[in-house]
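Heads up: the structure comes next, in structure tokens.
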Amino acid sequence: MKNIVKIAAIAIVLAGCTRIVETTPTGNGNLSLSLDYGGDYITRAEGVDVNDFKVSIVRPSDGWTKNYERFADMPVMLQLGSGDYTITASSPATADAAFDQPIYSGSAEFSILSGEVTPVSLVCSLSNMKVTFSLSENFRNELSDYAVTVTNATSWNAPDAATRTLVWGDKAAVDANTPGYFTVAPLMVKVDGFRAIDGSEAHAQLAISNVAARDHHIIALDAKVTGTVSGISLLIDDSLNEKQDDVNVDGWDEVPVDGGEDPVDDPDDPTPSTAPTMVWEANPTFADTPIAETMNVDILINVPEGIKTFIVDVDSNVLSETIAQMTGHSDYTYSAGNPFPMDLIDDAGVVSAMNGMIPVGEQLKDKTEVLFSLSQLVPLISMYSPSSGSRHTFTLKVTDNAGQSLVQPVVFVMP
């Protein structure tokens with residue numbers, strides 16, 4: 001994933017092609033700049049024209065600057081006064097989320113000496129992230145239609161979500177696999193599909209917190225059938241980071257759920273894993289649980305590196321909007337596949353409203369072990385008379401200070 005735009009400054013004197021821009025009357029030297037790009041990550045990317053790159057030159061000693069909106073407008077030979085400079089080049093399009101929009105940028109320092117031509121080598125790298133998909137045969141065969149939504153907003157309902165979200169809206173769009181590009185921020189992925197055998201819905205979500213410039217996130221989509229008509233799950237993993245983040249679909253029976261087991265250390269690796277784990281002694285397999293007046297939903301969460309973020313996505317047609325109103329998020333409207341995200345550490349409204357009912361704020365921040373209990377919150381669902389058989393999912397998303405994350409759905413069913 002070396003995504004490189006190579007900008008090599010070559011001292012070339014071409015008769016009849018030299019253009020001079022005077023900036024300092026005495027002690028001048030010259031800068032010659034040529035642009036190219038390549039690399040094995042994106043080869044001659046469509047829509048990228050180096051002539052459209054913006055170029056900025058700054059002399060820090062006195063703040064003198066020279067800007068070119070297009071590299072094509074920059075002189076072949078640029079005369080500059082003696083001194084130290086910084087040059088920056090970048091592609092013109094910088095949307096937070098867009099299809100087919102790689103963003104390149106880079107900078108370098110150089111010095112101009114009187115009467116000399118200074119060669120400068122500047123490398124512009126991809127500064128945003130690429131997202132594409134890999135679909136298994138099971139996924140294609142089991143689902144008659146599907147759509148994928150990806151955002152780098154802080155939540156699906158954030159004020160800037162519209163400009164930070166891309167939607168591959170149907171099977172044809174996903175299969176076309178048009179690359180989406182996102183500025184560097186944690187990603188959320190949502191998959192919605194319809195099973196071919198009966199038209200029933202399937203949904204899955206994934207949070208990707210370990211992100212960086214030049215990442216190519218290949219979202220692998222899979223569907224697993226367990227042998228019953230309603231036994232199907234969608235799996236998503238971010239192969240870039242060499243880890244599999246499985247998301248189990250709400251509403252499907254007999255789907256094994258990851259979680260509740262200690263990680264198995266690699267015998268060839270003497271360093272034990274420090275990834276977060278969750279253990280629910282009353283329900284070791286995290287199986288679907290009937291809602292009752294009295295419940296034991298005490299989940300022991302171990303985070304050796306310390307908790308950095310803790311978000312609980314509440315997917316309930318009776319509880320999601322209630323919690324949103326309680327926590328000051330009156331703009332939220334519940335719909336299938338659009339859970340309400342409770343940020344238990346950084347959202348002041350959530351921390352204030354939920355304090356005393358579930359652990360929040362400083363009770364979670366940087367802690368290495370937390371007894372996270374939903375025993376008081378879940379029984380409240382029955383107060384709203386949900387329909388029999390309705391499913392209410394709390395997806396626990398924990399990220400530690402080392403960037404490791406754990407996503408665990410906990411499903412409750414109304415008898």
Side-chain angles (χ1 to χ4, degrees), residues 1-96 98 100-130 152 181-185 211-216:
M1 299 191 320
K2 298 178 181 177
N3 323 286
I4 298 176
V5 178
K6 295 183 178 178
I7 305 176
I10 306 172
I12 304 175
V13 179
L14 300 175
C17 294
T18 301
R19 293 165 283 174
I20 304 296
V21 174
E22 295 194 13
T23 59
T24 305
T26 59
N28 294 336
N30 290 288
L31 170 70
S32 177
L33 183 67
S34 65
L35 280 169
D36 193 13
Y37 75 97
D40 57 5
Y41 181 67
I42 298 178
T43 303
R44 314 310 296 182
E46 294 184 9
V48 176
D49 185 348
V50 294
N51 286 314
D52 293 328
F53 275 40
K54 297 180 179 180
V55 178
S56 176
I57 303 171
V58 178
R59 187 166 57 215
S61 62
D62 59 5
W64 177 90
T65 62
K66 184 69 176 178
N67 298 312
Y68 296 94
E69 286 299 311
R70 299 181 70 246
F71 171 65
D73 299 331
M74 184 176 176
V76 174
M77 292 289 291
L78 177 63
Q79 190 177 86
L80 300 171
S82 299
D84 297 327
Y85 292 83
T86 299
I87 185 169
T88 301
S90 60
S91 48
T94 58
D96 287 315
D100 289 324
Q101 185 207 263
I103 301 175
Y104 300 99
S105 64
S107 63
E109 297 178 350
F110 66 95
S111 298
I112 292 292
L113 302 178
S114 179
E116 297 185 12
V117 175
T118 301
V120 175
S121 181
L122 174 64
V123 176
C124 283
S125 300
L126 195 75
S127 62
N128 58 353
M129 307 180 298
K130 181 180 181 181
N152 66 353
Y181 288 85
F182 297 83
T183 51
V184 178
V211 296
R214 298 183 298 280
D215 278 356
H216 181 188

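Atom CG of Leu113 sits about 11.5 Å away from atom CG of Leu80, to the nearest 0.5 Å. Atom-to-atom distance recorded for Glu69:CD and Phe53:CZ is 14.0 Å, nearest 0.5 angstrom. Atom CD1 in Ile87 sits 5.0 Å away from atom CE in Met74 (nearest 0.5 Å).
Without hydrogens or angle criteria, Ser127 side chain to Ile103 main chain gives a donor-acceptor distance under 3.5 Å. Side-chain N or O atoms of Ser91 include one that pairs as donor or acceptor with a backbone N or O of Tyr104 at under 3.5 Å. Without hydrogens or angle criteria, Thr118 side chain to Ser111 main chain gives a donor-acceptor distance under 3.5 Å.
Classification of the Tyr85-Phe110 ring pair by plane angle, with boundaries at 30° and 60°, yields parallel.
Annotation for Gly81 and Asn28: closest pair CA-OD1, 3.5 Å, computed over non-hydrogen atoms. The two residues Gln101 and Ala93 have their closest heavy-atom pair at OE1-CB, 3.5 Å. Taking both residues in full, the closest heavy atoms of Arg70 and Asn51 are given as CB-O, 3.4 Å, listed atom of the first, atom of the second, then distance. A pairwise comparison of heavy atoms in Val211 and Met129 identifies CB-SD, 3.6 Å as the closest pair. The two atoms that bring Leu126 and Ala213 nearest to each other are O-CB, 3.9 Å, heavy atoms only.
Two residues are said to be in side-chain contact when any heavy atoms from C-beta on lie closer than 4.5 Å; Asp215 and Phe182 fail this criterion.
Inspection of the Thr183 and Asn128 side chains reveals no N or O donor paired with an N or O acceptor under 3.5 Å.
Residue Ile57 forms a side chain to side chain contact (heavy atoms under 4.5 Å, CB included) with just one option from Thr86, Thr88, Leu78, and that option is Leu78.
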